[in-house]
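Note that this is a predicted model, so its numbers are computed, not measured. Every number for a ligand or one of its atoms is a count from 1 in the order of the listing. Residues take their numbers from the sequence shown, with the count starting at 1.
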Amino acid sequence: MAIKSKRALSSTVRTSYDLYINGQWHSPHASERMECHSPLTQELLTTVPESDDADVDAAVQAASKAQPGWANLSAKKRQAVLEAAADALVAQLEPLALLETANTGKPLRESRANVFTAADRLRYYAGACRVFEGVVVPVTPDITSYGLRQPLGVVGIIGAWNFPLNMFVGKIAPALASGNTVVYKPADTTPVTTLEIAALFGSIFPPGVINVITGSGAGTGAAMVAHPGIRKISITGSTRTGQRVMAAAGATLKRLTLELGGKNAQVVYPDADLDRAAQGILLGAFLNQGQVCTAGSRIYAHASVADALKEKILALVPNLNIGDPFDANTRMGSLSSRAHFDRVSDYIATGVREGGRIICGGHPVRVEQYPKGLFMAPTLFEGVDPQARIAREEIFGPVATFDSWDDEDAMFAQVNAVEQGLAAGVWTGSLTRAHRASRAIQTGRVWVNCYNLYPSGAAFGGSKASGFGREDAFETLLDFTEVKNVIVDASETARGFYA
Ligand code: NDP
């Protein structure tokens, strides 16, 4: 299969998009369209179709038709295609990063980093698909049993709005590497880079291997979950959405990967390097304006170092540099949508009502270039009751709580008291403490003396109400396959059961 040349992207958002099905722009059956607004100006950015059942079906049919051909390519050829896709992304770094920032409000420097992360996922899975192995059991000298790993078929993938670009690429990479074809739905507010990348990849992947449809979760997303032609749903979203999807997927017995929300703690021991911890804690709490499932938004510092740590954190807050997201020096941009900004503002008001004290932030920030932008100051509370809503519920914005502890077991109990279990940070100079805390904290990931690192190959996913399944790692490939057991009897004569 020839890998054709790459198309150059424009950094201007198109005024409207169609669906991307079977390797081309596809006029939707549905007449209804959804509006996406700029988080920076609140003006209309673009419109996308609200796909109906017929559109979902068209995408599934295209994916279904393409699947056997794609699965039957040698792993070496699939590897070459995935690597070409990674090259195409990096070649379009600047326009893609500009589009991502225009659609989400996140700083351009983060959008650029997201493009590299996405390309790295493709390269990781390009290599990983070469090392699939099955178990061979020599049952007798004549009889051999072996496990043949085969793709599931058509898989449905549903993304959230906080990292639209690298979520799209990172989620489709293992599905494609293992020979599946994909129907993907981005979140309704942030479809731009997903659609542009689908079209960019249109000249690299065979038609029908990647199909992107747009629409609401309740309409289009639910139709994907119900569609009998889709064998698995992998979704990133809130815990409530995960519950709905799991209940609906039962009707067609779909496999699931659920990457859901988090309410993550960062624990600081008395022997921690406090300067390093202060920087890492800020990154953990405020990366992407805190709109990160792993946001380390509950800070628990040992009482003996709590005041010193707090002072160091507060001294670093001005470096977060809120402003025009297109400025290379900006570290914090706009929240992603008006509705979300209102939700975060409500949480801040609730935190105050419930008795929390704001020690920094707690208010919107006016950025001259974008007076209607949705900028929120990084906000830290202290004195928050463990039962308060801001201590228990995922805020998904730049809001964190600061608390102290002196009894380790009581601290672990408090860290684990929330319903979700996605990630945690541990800051300590002691290996013994690092290992003890990593075992005691009930999450799918623990970062020790670092935070918000997502290297390819490191299994990422949640426990408890943060969902199940792992992404970014080798086992993700396995999750997109099933094992067919083949038993071969190579004996020369019939066994004569009925002779
Ligand atoms: P939502 O749960 O609202 O939506 C996630 C996706 O699911 C969207 O594409 C949404 O569509 C779709 N959806 C909603 N309802 C249904 C349904 N009934 N059936 C099928 N699809 C549906 O989450 P957000 O987009 O608001 O994202 C934020 C959440 O995602 C946070 O809770 C965050 O923690 C979590 N998240 C988890 C991560 C992880 O890896 N664990 C990483 C990043 C975020 P639409 O938006 O178009 O309505």
Under a 4.0 Å N-O cut-off, is there an ion pair linking [X] with [Y]?
X	Y	answer
E482	R231	yes
R112	E94	yes
E259	K171	no

Starting from [atom], find the nearest protein heavy-atom neighbour and note its residue, name and distance.
atom	result
atom 31 (C) of ligand 1	E394 OE1, 3.5 Å
atom 39 (C) of ligand 1	C293 SG, 3.2 Å
atom 11 (O) of ligand 1	K185 NZ, 3.0 Å
atom 9 (O) of ligand 1	G159 O, 2.7 Å
atom 20 (C) of ligand 1	G221 C, 3.3 Å
atom 48 (O) of ligand 1	G217 N, 2.9 Å
atom 5 (C) of ligand 1	T236 O, 3.4 Å
atom 15 (N) of ligand 1	T241 CG2, 3.5 Å

Is there at least one pair of N or O atoms, one from [X] and one from ligand 1, spaced under 3.5 Å apart?
X	value
W161	yes
I158	no
S216	no
E471	no

- Could you go through the salt bridge (charged side-chain N to carboxylate O under 4.0 Å, His left out) check for E393 and R389 one step at a time? CA-CA 6 Å; E393 297 176 15; R389 283 183 58 201; 3.1 Å; yes
- Message: If the test is side chain to side chain contact (heavy atoms under 4.5 Å, CB included), which one of M376, R353, H363 qualifies with I348?
- Response: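 By the side chain to side chain contact (heavy atoms under 4.5 Å, CB included) criterion, I348 pairs with just one of M376, R353, H363: M376.
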- Task: Run the contact test for G467 against ligand 1 with a 4.0 Å cut-off on heavy atoms, strictly below, and give the result.
- Result: no
- Query: So is F460 close enough to ligand 1, meaning a heavy atom under 4.0 angstrom away?
  - Reply: yes
- Apply the side chain to side chain donor-acceptor pair (under 3.5 Å) test between T294 and each candidate in Y454, W447, Y451; give the one that qualifies.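 Only one option passes, and that is Y454.
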Classify the side-chain pair [X]/[Y] by whether it contains a donor and acceptor separated by less than 3.5 Å.
X	Y	result
S456	R121	yes
T189	S337	no
T101	N103	no
K106	T104	no
D57	Q61	yes
E100	T193	yes

Can you confirm whether or not the ring centre of [X] sits under 6.0 Å from the ring centre of [Y]?
X	Y	answer
F402	F381	no
W427	Y300	no
F396	W161	yes

Near [X], which atoms of ligand 1 are under 4.0 Å from a heavy atom of that residue?
X	answer
N162	43 (C), 44 (C)
S238	1 (P), 2 (O), 23 (O), 29 (C), 30 (O), 32 (O)
L422	41 (N)
A222	19 (N), 20 (C)
G215	47 (O)
V245	19 (N), 20 (C)

Side chain or backbone of [X] under 4.0 Å from ligand 1, or both, or neither, by non-hydrogen atoms?
X	result
T294	neither
T239	neither
F396	side chain
L260	backbone
T220	neither

- Query: Hey, looking at atom 35 (C) of ligand 1, which of S336, G237, A160, A187 has the closest heavy atom?
  - Reply: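 Looking at heavy atoms only, G237 sits closest to atom 35 (C) of ligand 1.
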